[in-house]
Every structure is written in C-alpha cells, then in structure tokens.
Visitor: 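For reference, the structure I am asking about is given below.
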Amino acid sequence: MVRTRPLQVALLGCGVVGSQVARLMTTHGADLAARIGAPVELAGVAVRRPDRARGTVDPALVTTDAAGLVSRGDIDIVLELIGGIEPARTLINSAFEHGASVVTANKALLAKDGPALHAAAGKHGADLYFEASVAGAIPLLRPLRESLAGDQVNRVLGIVNGTTNFILDRMASGGTSYGEALQEATALGYAEADPTADVEGFDAAAKAAILAGIAFHTRVGLDDVHREGITEVTAADIASAREMGCAVKLLAICERAADGRSVTARVHPAMIPLGHPLASVGEAYNAVFVEAEAAGRLMFYGAGAGGVPTASAVLGDLVAACRNRLNGGRGPGESAYAALPVSPMGEVVTRYHISLDVSDKPGVLAQCAMVFADHGVSIDTVRQTGKGGDAQLVVVTHRAPDAALGATVDALRRLDTVHDVASIMRVEGE
Ligand SMILES: NC(=O)c1ccc[n+]([C@@H]2O[C@H](COP(=O)([O-])OP(=O)(O)OC[C@H]3O[C@@H](n4cnc5c(N)ncnc54)[C@H](O)[C@@H]3O)[C@@H](O)[C@H]2O)c1
Ligand SMILES: N[C@@H](CCO)C(=O)O
Ligand code: NA
C-alpha cells in the first residue's frame, strides 16, 4: 500500500547529473512511489545560477540557498550533486544534523572525508549512499558492500574514468588529438568541472580509494593511492603497445598482498593484451574486475559517466534511502574493521615495458641487460628497432617490485650509451 505523505527530497546541484535526476523523478514518479511505498516529492532544487533553463523543474522549487534548503527540517533525503569539497561537505553535514539521509555522487569528497561523513551519518541514524560516485551507472559498490559481504575480495582492477578512456580510445583509433578528444568528452558531460581531475588521474584515484576501502574493510585515503594520469601518454606509446599486441588503458588496481597482511591501491596507464576484456572497453565505458576468494572473478561493465546513466545510480540509492526511512532502518555504514596497512607503490609487483634510446654499438645490449640483472629485474623479451643514432631497445620484464624497476631505470639513465629512457609503462592483465 502506498502511504500518502510524500517523502521530501532536496536536490543540490542541477547540472549534468542533477538535471537528469530531476527529470527522471518527475517522469517515473508513480513507479518510484509504488516501489518505495510512498510518493517522493522534490521539495526544492538548489542551483548556483537560477537564470539557467532547468527543463522539467518547476521554477517555484528553484533556490540559490542550498544551506537554507537542507536545514528546513522537513527534508527526508538530500541528493548532493554539486561536486567538489565545499560547500558540498558543509551541506551534507547539515543535512545529517537536520535528520535527512544523503545520496551523493561526490567521489572527491568521499575519498577525502569518507570516515567523517560516515560517522556523521551514523551519529544521526541516517543513510549515506554513493553508488554513483564510482563507475557511474554500474552497480558496483552495492555488490561489494552487500552481495560480497561474506566473501574475501583480493583484487579490484578496472577502468573507472570515462573521460580518460574516451581520450585513449580516440587516440588509439587515430585521427583525433588528445585536445580534441578531451573537448568532446567535456561536451558530452563526462569530464569533471575541472578536467584536470580526470586526465591527471585524481578522479580515478578517488574511486580507487573508495573501492579499496570497501573491498578490504580498511580506510584508504587519497594519499594512499599511487596516481599517474594520461597526460604523458603519447601516440607513439599507443602505437608501440599495439605492435606488442596491447592497448593502453588508465587502470585502477587495488590488491591484497599475497600474505593477506597489507593492501595497495594505484592508478596509472598500463598496457593490457588486446585479448583481455578490458582492452575492448571503448568510449566512456567503464569495466571493473573483482576477484574474490569464493566467488572467483566477476566483471562489471557499463556506462561509467554521463548525466542519464549516472542519474540511474542516484535514483537507485534514493529508492534505498526512502525504503529505509519508511522501515525505520539504515543501510550498511562504513566497515573498516580490518584496518590493514596500505603499502607504498615500491612494494607493488608487476611487469614493465621500457623503451630506451641507445647507441647502436657492440656491447650496449649486454650492458643494459646487466643493469636489469644487477637490480634483480628479470628480462622477458628485448627487441631492437632502428639503427645508428636512432636505435631503440624495447625491454619487457618479468614481474618485479616497482622500487627495483625504479632503481634500474635510474641506473640505465646514468649509462653514456643510453641517451633517453623514452617511456616506461606497466603491463597488466596477464
Ligand atoms: N558527469 C558525470 O558523468 C558524473 C558521473 C558520476 C559522478 N559525477 C559526480 O556528480 C557530481 C555532479 O557532477 P556533474 O557532472 O553533474 O557536474 P556539473 O558541474 O554539471 O553540475 C554541478 C552543478 O552544481 C551547481 N552548483 C555549484 N555550486 C552550487 C551551490 N553552492 N549550490 C547549488 N548548486 C551549485 C553548478 O552550477 C552545476 O550546475 C560530481 O560530484 C561529479 O563528480 C558525475
Ligand atoms: N569524470 C568522471 C565522471 C564519472 O565519475 C569520468 O569521466 O569518469
Ligand atoms: Na556505480
């Protein structure tokens, strides 16, 4: 039976995602009410620029006073879709203090202040849901928090930033420059307000922190995540990867150490074999592999960015928060009991693809190989391209600790016969 007093929803931010949430709440209002067991009503929509057209939003609901809206006292659920740290953090805390539950897509804030936000939600008996914050529309956080709550997750590996995947995909198919592809991704609503967050890997690192935290029941902050973006990936890197039968992707990788006693989290461009399912993830799509002890390998795939798909995840959380409110319960809060240490990048063990510009002289290959051997880094393959002043050695290693590879590269740079270490890329997914 549908109860009659509507649940009151405050929408903060009516941009790419917020405007789609408002539209879908209106067009699917009757279904949402039936699924929740009570009607849901937009009580107010806080915007920064009220003069902008808001589509289906009733102009009478629009306000520039977000703080006033969340502190009205009659709001059941606040949807925070402004993004960034402030004023989002203050508004979310105020929402909890005034008795509301919160749904947010704000990974930057969650990665920075997740524990404090969870604590505030718990203190006020409210919910904090954030499915849209990682991998957009893809149901990923709820499966990790709930469906896999009885299993042990050992690894989460995937493409979690749509903008950079879009750019790398466009660069790989040729004809589009990095700058043009970024402009296109921004126009399509994939990029963050400041796209530096996407291309420098901050967005993916925030998502990796959230994923690692949930997967390993451990607090993982943004500073714990090793981060490299795609700004230094060149068309030559992509071409060289293709020659080796690989694609270049920006990956987020969260791993439990083999002894189970520590974890790592990292974001960086990597080469993956073209036969690997992640290599064929194009456009702004995301895909995430989860490896769990009992479940084995699971793959989650779908739209990782864009207003409409992301609104789906926000509405799913809205329904969950409304149901909890009606039933008088709460969804799962933070689970950080394992408190595993997060190891530095130097302890990560993986494979590497290194291009060296070298002198084409007798003994150079042996000299370089010796540097790898001296640092305990075993070589898998070596290929020479070019001749004379244009000679290049392309070395692919077996698995080695990141710190050992770093020391190897430093030593290679000191050799007179090595003119440049043209590129270093990790090789994953084998
Ligand atoms: N766009 C996506 O594909 C996507 C996907 C997943 C998650 N997200 C996240 O969703 C959130 C919103 O992203 P978006 O793409 O819709 O951004 P957006 O920039 O399109 O929208 C944010 C809106 O908030 C408004 N705003 C700023 N300050 C405000 C204030 N004080 N009061 C009221 N409104 C204010 C802005 O004017 C803007 O319209 C961010 O946290 C983002 O990381 C976005
Ligand atoms: N800017 C983000 C939005 C989705 O979180 C991306 O490109 O993936
Ligand atoms: Na998601």
Side-chain angles (χ1 to χ4, degrees), residues 10-22 44-54 57 62-70 78-92 103-112 129-145 158-168 182 185-204 206-207 210-211 214 230 250 252 267 283-288 300-314 316-317:
L11 172 61
L12 312 183
C14 200
V16 171
V17 182
S19 59
Q20 295 305 324
V21 168
V45 180
V47 303
R48 191 169 44 182
R49 288 181 293 260
D51 48 310
R52 292 220 171 159
R54 301 282 162 200
V57 175
V62 174
T63 174
T64 53
D65 182 12
L69 177 60
V70 298
V78 169
L79 308 179
E80 186 280 303
L81 298 171
I82 293 173
I85 306 303
E86 286 296 350
R89 174 169 50 193
T90 301
L91 292 168
I92 289 176
V103 173
T104 179
N106 194 335
K107 51 266 165 151
L109 179 57
L110 283 159
K112 185 172 167 54
Y129 279 112
F130 45 100
E131 181 60 72
S133 68
V134 182
I138 307 172
L140 179 60
L141 302 188
R142 188 169 280 110
L144 279 170
R145 288 172 99 187
I159 296 167
V160 295
N161 182 269
T163 302
T164 47
N165 201 59
F166 185 87
I167 294 171
L168 293 172
L182 174 56
T186 305
L188 289 167
Y190 303 145
E192 293 302 299
D194 174 1
T196 313
D198 296 293
V199 296
E200 295 287 5
F202 289 101
D203 178 82
K207 291 164 175 170
I210 295 169
L211 285 171
I214 295 174
I230 63 159
L250 184 73
V267 165
E283 301 276 319
Y285 284 92
N286 285 187
V288 179
F300 299 82
Y301 172 84
V308 182
T310 305
S312 163
V314 173
D317 280 354

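First listed ligand is number 1; within each ligand, the first listed atom is number 1. No experiment lies behind these values; they were computed from the predicted model shown.
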Visitor: Considering both backbone and side-chain atoms of A193, is one of its nitrogen or oxygen atoms within less than 3.5 Å of a nitrogen or oxygen in ligand 1?
Guide: no
Visitor: Which atoms of ligand 2 sit under 4.0 Å from any heavy atom of N161?
Guide: 2 (C), 6 (C), 7 (O), 8 (O)
Visitor: Of all the atoms in ligand 2, which lie at a distance below 4.0 Å from a heavy atom belonging to Y190?
Guide: 1 (N), 2 (C), 3 (C), 6 (C), 7 (O)
Visitor: Quick one: does ligand 1 sit under 4.0 Å from the side chain of P87, the backbone, both or neither, non-hydrogen atoms only?
Guide: side chain
Visitor: Counting heavy atoms only, which of T310, T163, N106, D203 comes nearest to atom 7 (O) of ligand 2?
Guide: T163
Visitor: Using non-hydrogen atoms of the residue, decide whether G304 is closer than 4.0 angstrom to ligand 2.
Guide: yes
Visitor: Can you find an N or O of G162 that's nearer than 3.5 Å to an N or O of ligand 2?
Guide: yes
Visitor: Starting from atom 5 (O) of ligand 2, find the nearest protein heavy-atom neighbour and note its residue, name and distance.
Guide: K107 NZ, 2.5 Å
Visitor: Would you mind telling me if ligand 1 is within reach of the side chain of A132, the backbone, both or neither, using heavy atoms under 4.0 Å?
Guide: backbone
Visitor: Let me check your reading of the structure: within less than 3.0 Å of the Na ion (ligand 3), is there an N/O/S atom from I138?
Guide: yes
Visitor: When only distance counts, is G306 in polar contact with ligand 1, meaning an N/O pair under 3.5 Å?
Guide: yes
Visitor: Out of L144, V160, L110, which one pairs with I210 under the side chain to side chain contact (heavy atoms under 4.5 Å, CB included) rule?
Guide: L110
Visitor: Hydrogens and angles aside, do D194 and T196 bring a side-chain donor and acceptor to less than 3.5 Å of each other?
Guide: yes
Visitor: Check ligand 1 against G189 and write out every atom of the ligand that is under 4.0 Å from a heavy-atom position of the residue.
Guide: 1 (N), 2 (C), 3 (O)
Visitor: For ligand 1 and S133, I'd like to know whether there is a polar contact (N/O to N/O, distance under 3.5 Å).
Guide: no
Visitor: Please determine if K207 has a nitrogen or oxygen closer than 3.5 Å to a nitrogen or oxygen of ligand 2.
Guide: yes
Visitor: Does ligand 1 have an atom that lies less than 4.0 angstrom from a heavy atom of V47?
Guide: yes
Visitor: Looking at the Na ion (ligand 3), is there an N, O or S atom belonging to G136 that lies under 3.0 Å away from it?
Guide: yes
Visitor: Which atoms of ligand 1 sit under 4.0 Å from any heavy atom of G83?
Guide: 40 (C), 41 (O)
Visitor: Does the protein come close to atom 28 (N) of ligand 1 - that is, does one of its heavy atoms sit below 4.0 Å from that atom?
Guide: yes
Visitor: Look only at interatomic distance and state if V16 has a nitrogen or oxygen under 3.5 Å from any nitrogen or oxygen of ligand 1.
Guide: yes
Visitor: Using a strict 4.0 Å threshold on nitrogen-to-oxygen distance, state whether E131 and R145 make a salt bridge.
Guide: no
Visitor: Counting backbone and side-chain atoms alike, does V134 have an N/O/S atom under 3.0 Å from the Na ion (ligand 3)?
Guide: yes
